[in-house]
Amino acid sequence: MPEADEVDDEEEMPLSLRLSIADTLTLGNATCGFMAVYFTTTGILIPHLTGSQESGMARHSAATAVILMLCAAVFDLFDGLVARKLRSSPMGAELDNLSDLISFGLAPAYFVLVYGMVADDAHQRVAALGAIVVLLAVVLRLARFSCVTMKDGVFQGMPSPFGALTVVSIVLLELPFVATLLAILGTAWLMVSRVEYPKPRGRLAVAMLSWIVLSMGLLAAWAFDAPSGQLLLQTGCALQLVMGAVIPLFATARRVNNFRDNRREARTAQLP
């Protein structure tokens, strides 16, 4: 039975041979998320618990952790593009959700948790609650994304990479604790809401990639204590928050315009 032997050989093919290029990029996404947790622990949490006074080390580690989340967003952007151009394995969608959960769910939630432990005016237990809300928002969003079919070109709710970057931007702004917590909870709500966000394709994908590269530069300037590095970082974080609030307005405006155009066409069709 040669055909049966060929089927058995195919089923027993090693996992590494069945991974596509897009899947490899997705695994890079997961790796960046895990390393972001690592640097948050070793560079921020452990020095705080051991009483280390090296603030520069904490700043470098925080910048490294956020840069790794940005790298994860780049991997997430390109694995979708590569999957559409080439191909993805049957595991592609599952790998993507699991990687996103690590990089854009666990990593930013852990960042919030550690912030609640090291910040002077923070409340650890309340910050832990905020971190749980962020994590559950990403879990619910990813589960809904797998079950709900949306119209082409839009996401329902803030995409998890954008939400993760918004959460860490709120923390890096160093606002009062109550304002920080409320902004984090608002971002978590946006991720599970029905507010529409455009998918990063074409010019929007290029703009998103450019913004990520710029954000990396701002973080590097802050980490190495460049002149006005703190001001540049806070400006970038503030712009991230503004974009999170403004971008869905364009999708809403487009939907309203489409509704008006459809009504106008329907009225025109009813005229004798």
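Computation of the quantities below employed the complete heavy-atom set of this structure, encompassing side-chain atoms and omitting hydrogens, waters and symmetry-equivalent molecules. This one's a predicted model, so the numbers in the text were calculated from it and none came from an experiment.
Taking 4.5 Å as the limit, every side-chain heavy atom of Q156 sits out of range of all side-chain heavy atoms of Y197. The side-chain heavy atoms of F78 and L209, taken from C-beta on, include a pair separated by under 4.5 Å. With contacts defined as side-chain heavy-atom distances shorter than 4.5 Å, the pair L45/T40 does not qualify. A heavy-atom distance below 4.5 Å is found between the side chains of F111 and V66.
For Q230, the side chain to side chain donor-acceptor pair (under 3.5 Å) test picks out W222, with sequence neighbours left out.
Note on L77 and I212: same hydrophobic cluster, where clusters join Ile, Leu, Val, Met, Phe, Trp and Tyr whose side-chain heavy atoms are under 4.5 Å apart, directly or indirectly. Under a hydrophobic clustering in which Ile, Leu, Val, Met, Phe, Trp and Tyr are joined whenever their side-chain heavy atoms come within less than 4.5 Å, directly or via other members, L95 and F34 fall into different clusters. With hydrophobic clusters built from ILVMFWY side chains whose heavy atoms lie under 4.5 angstrom apart, L129 does not share a cluster with V138. Using a 4.5 Å cut-off between side-chain heavy atoms of Ile, Leu, Val, Met, Phe, Trp and Tyr, with links allowed through other members, L70 and V112 fall into the same hydrophobic cluster. M35 and V74 fall into different hydrophobic clusters, defined by Ile, Leu, Val, Met, Phe, Trp and Tyr side-chain heavy atoms under 4.5 Å apart, directly or through other members.
Side-chain atoms of H48 come within 3.5 Å of backbone N or O of M117 as a donor-acceptor pair. Formation of a donor-acceptor pair under 3.5 Å by the R144 side chain with backbone atoms of V192 is found in this model. Side-chain atoms of R59 do not come within 3.5 Å of backbone N or O of F224 as any donor-acceptor pair. Using modelled atom types, one side-chain atom of T50 and one backbone atom of P47 make a donor-acceptor pair closer than 3.5 Å.
Separation of atoms CG (L135) and CG (L101) is listed at 6.5 Å; rounding is to 0.5 Å. Of the inter-residue distances, the one linking I102 atom CD1 with L27 atom CG reads 9.5 Å to the nearest 0.5 angstrom. Taking CZ of R141 as the reference point, atom OG of S193 lies at 8.5 Å (rounded to 0.5 Å). From E196, atom CD reaches atom CD1 of I247 across 14.0 Å, with rounding to the nearest 0.5 Å. Y38 OH to C32 SG: the interatomic distance, rounded to the nearest 0.5 Å, is 15.0 Å. Here the OG-CG distance, from S160 to D76, works out to 6.5 Å after rounding to the nearest 0.5 Å.
Of all heavy-atom pairs spanning P161 and A73, the tightest one is CB-CB, 4.4 Å. The heavy-atom pair separating S103 from A107 by the smallest distance is O-CB, 3.4 Å. Looking at every heavy atom in both residues, A188 comes nearest to A137 through O-CB, 3.6 Å. Between M69 and A36, the shortest heavy-atom distance links the atoms CG-CB, 4.1 Å.
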Exercise. Would D100 and N29 satisfy side chain to side chain donor-acceptor pair (under 3.5 Å), going step by step from the backbone distance to the final call?
Worked result: CA-CA 7 Å; D100 286 355; N29 172 5; 3.0 Å; yes
For this session: Given side-chain contact (heavy atoms from CB on, under 4.5 Å), test W211 with M243 step by step and report yes or no.
Result: CA-CA 11 Å; W211 172 248; M243 287 192 298; 3.3 Å; yes
Problem set entry | Intermediate values then yes/no, side-chain contact (heavy atoms from CB on, under 4.5 Å), Y115 and I44 | CA-CA 9 Å; Y115 153 76; I44 303 176; over 6 Å; no
N/O donor to acceptor pairs below 3.5 angstrom from side-chain atoms of residues 164-187, sequence neighbours left out:
{"from": "T166", "atom 1": "OG1", "to": "F162", "atom 2": "O", "distance (Å)": "2.7"}
{"from": "T166", "atom 1": "OG1", "to": "Q240", "atom 2": "NE2", "distance (Å)": "3.2"}
{"from": "S169", "atom 1": "OG", "to": "L165", "atom 2": "O", "distance (Å)": "2.7"}
{"from": "T180", "atom 1": "OG1", "to": "L175", "atom 2": "O", "distance (Å)": "3.2"}
{"from": "T180", "atom 1": "OG1", "to": "P176", "atom 2": "O", "distance (Å)": "3.1"}
{"from": "T187", "atom 1": "OG1", "to": "A183", "atom 2": "O", "distance (Å)": "2.9"}

